[in-house]
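Remarks on the structure that follows.
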Amino acid sequence: FPPYLRELGIFGRIYYATFGRTCAHKAINIVTDSEHAKGDIVRLWRVMPEKITVIPLGLADRYAPVKDKERCAQVIKNFALPERYLLYLGNFKPHKNVISLVRSFARIKEEVKGLKLVLAGPLDAHGENLRRQVNELGLDKDVIFTGMIREDDLPEVILSLADVFVFPSLYEGFGIPPLEAMACGTPVVASNLTAIPEVVKDAGLLVNPLNIEELARAILSLLNNRDLHGSYSKMGLARSEQFRSGQTAGRLYRHIIQLLEAQE
């Protein structure tokens with residue numbers, strides 16, 4: 001991601017280019033989590049593609065639609081969640097491109113009565129910067145910052161209650177948040193860049209994350225069409241089942257055993 005590459009400086013770039021490449025070439029095998037990440041390794045470190053194995057990340061069993069009214073009520077109270085909301089869950093670093101979601105929300109919020117935007121992530125320097133931008137756009141009453149969401153905060157409930165999950169990231173090696181949202185039955189609008197299409201495929205709406213109008217239209221299409229909303233909810237649930245941790249961990253375990261046996 002170019003902005004981060006510049007932040008590394010010349011010595012940082014030399015370190016990763018030499019140390020990373022040396023380790024990659026000496027390794028028996030490299031396991032990565034997406035074809036996109038594999039492509040980056042081949043391109044940056046000149047590793048032969050056949051030396052790299054792609055095994056996706058696993059999805060925790062906790063991510064499933066939550067119907068329990070008591071649990072839902074507790075989370076709604078804890079985070080002051082509105083009745084209807086768009087959701088982003090993750091950090092607020094520049095590559096996450098959350099500002100594009102904020103600008104899209106500004107264009108559509110009047111078209112859906114009571115709609116709010118919930119941004120769930122750490123309020124570090126990046127989070128505070130985003131909050132300033134939200135205030136400058138006059139959206140402070142319509143955008144809710146929850147702060148960091150931990151496992152005991154029941155993220156699966158926050159995901160399950162959302163109308164639409166939006167993930168406008170510019171760069172991901174895998175991109176697990178949209179997968180977690182799909183597993184909770186929440187339709188997804190996501191970026192069409194890097195590894196995200198590999199994860200989401202046709203089970204979500206993929207858009208150019210820098211095109212504010214396109215992003216806004218995709219979100220509105222799900223909010224205004226219950227049949228479409230239901231269809232993507234079902235497709236997301238089916239897609240997410242392919243990534244359950246038991247399956248992906250099993251693949252990794254078998255792969256390691258095969259590598260060890262080949263070295264004997």
Point to revise | From Leu161 atom CG to Glu156 atom CD, the distance as rounded to the nearest 0.5 Å | key: 10.5 Å
Point to revise | Reported OG-to-CE distance for the pair Ser233 and Met182, which is rounded to 0.5 angstrom | key: 11.0 Å
Exercise for review: Please work out which of the three classes, parallel, tilted or perpendicular, describes the rings of Phe174 and Phe243, given edges at 30° and 60°.
Suggested key: perpendicular
**Study point:** Electrostatic pair Lys113-Glu83, nearest N-O below 4.0 angstrom
**Key:** no
Practice item. May I ask you to test the Val199-Arg239 pair for a side-chain heavy-atom distance under 4.5 Å? Key: no
Point to revise | Gap between atom CD of Gln263 and atom CG of Asn29 - 0.5 Å precision | key: 9.5 Å
Exercise for review: Determine whether Leu237 and Val189 fall in the same hydrophobic cluster, where Ile, Leu, Val, Met, Phe, Trp and Tyr are linked whenever their side-chain heavy atoms lie under 4.5 Å apart.
Suggested key: no
Exercise for review: Taking the side chain as every heavy atom from C-beta outward, state whether Asp153 and Phe79 have any pair of such atoms under 4.5 Å apart.
Suggested key: yes
Exercise for review: Take the angle between the ring planes of Tyr171 and Phe1 and call it parallel below 30°, perpendicular above 60°, tilted in between.
Suggested key: tilted
Review point. Are there more than 12 heavy atoms of other residues, nucleotides or ligands under 6.0 Å from atom CD of Glu151?
Key: no
Practice item. Please answer whether the main-chain N or O of Ala218 pairs with a side-chain N or O of Ser221 as donor and acceptor at a distance below 3.5 Å. Key: yes
**Study point:** Distance in Å, Thr186 OG1 paired with Leu89 CG, rounded so as to fall on 0.5 Å steps
**Key:** 11.0 Å
Check your understanding: Given His229 and Asn224, is the side chain to side chain donor-acceptor pair (under 3.5 Å) satisfied, shown in steps?
Key -> CA-CA 8 Å; His229 188 280; Asn224 292 334; over 6 Å; no
Review point. Is it true that atom CD of Gln242 has more than 12 heavy atoms of other residues, nucleotides or ligands lying nearer than 6.0 Å?
Key: yes
Check your understanding: Given side chains that start at C-beta, do those of Leu119 and Leu87 come closer than 4.5 Å, heavy atoms only?
Key -> no
**Study point:** Backbone of Val66 reached by a side-chain donor or acceptor of Arg71 within 3.5 Å
**Key:** no
Point to revise | Carboxylate-amine/guanidinium proximity below 4.0 Å for Glu214 and Arg217 | key: no
Practice item. Using the side chain to side chain donor-acceptor pair (under 3.5 Å) rule, take Asp202 and Tyr232 through it: C-alpha gap first, then chi angles, then the decisive distance, then the call. Key: CA-CA 9 Å; Asp202 59 356; Tyr232 275 101; over 6 Å; no
Would you tabulate the side-chain donor-acceptor contacts of residues 100-107 under 3.5 Å, counting partners in other chains and residues two or more places apart, or write 'none'?
{"unit_1": "Ser100", "atom_1": "OG", "unit_2": "Asn97", "atom_2": "OD1", "d": "2.9"}
{"unit_1": "Ser100", "atom_1": "OG", "unit_2": "Asn97", "atom_2": "ND2", "d": "3.2"}
{"unit_1": "Ser100", "atom_1": "OG", "unit_2": "Pro209", "atom_2": "O", "d": "3.2"}
{"unit_1": "Ser104", "atom_1": "OG", "unit_2": "Ser100", "atom_2": "O", "d": "2.9"}
{"unit_1": "Ser104", "atom_1": "OG", "unit_2": "Ile212", "atom_2": "O", "d": "3.2"}
{"unit_1": "Arg107", "atom_1": "NH1", "unit_2": "Glu213", "atom_2": "OE2", "d": "2.1"}

Check your understanding: Can you tell if the side chain of Phe167 reaches within under 4.5 Å of the side chain of Ile176, non-hydrogen atoms only?
Key -> no
Check your understanding: Ser245 side chain to Leu59 main-chain N or O, any donor-acceptor pair under 3.5 Å?
Key -> yes
**Study point:** More than 12 heavy atoms from other groups under 6.0 Å of CD1 on Ile257
**Key:** yes
Exercise for review: Please indicate whether Tyr4 has more than 12 foreign heavy atoms, meaning atoms of other residues, nucleotides or ligands, lying under 6.0 Å from its OH.
Suggested key: yes
**Study point:** Validation row: Ile55, His255 side chains within 4.5 angstrom (heavy atoms)
**Key:** yes
Review point. Which word best sums up how the rings of Phe19 and Tyr15 line up, parallel for under 30°, tilted for 30 to 60°, or perpendicular for over 60°?
Key: parallel
Review point. Between Arg244 and Glu241, is there a side-chain N and carboxylate O pair less than 4.0 Å apart?
Key: yes
Point to revise | Enclosure of Lys116 NZ (heavy-atom neighbours >12, cutoff 6.0 Å) | key: yes
Point to revise | Close side-chain approach of Thr194 to Ser169, heavy-atom, < 4.5 Å | key: no
Check your understanding: Quick one: does Thr53's side chain get under 4.5 Å of Ile30's, heavy atoms only?
Key -> no
Check your understanding: Tell me, do Asp33 and Pro56 make a side-chain contact under 4.5 Å, heavy atoms counted?
Key -> no
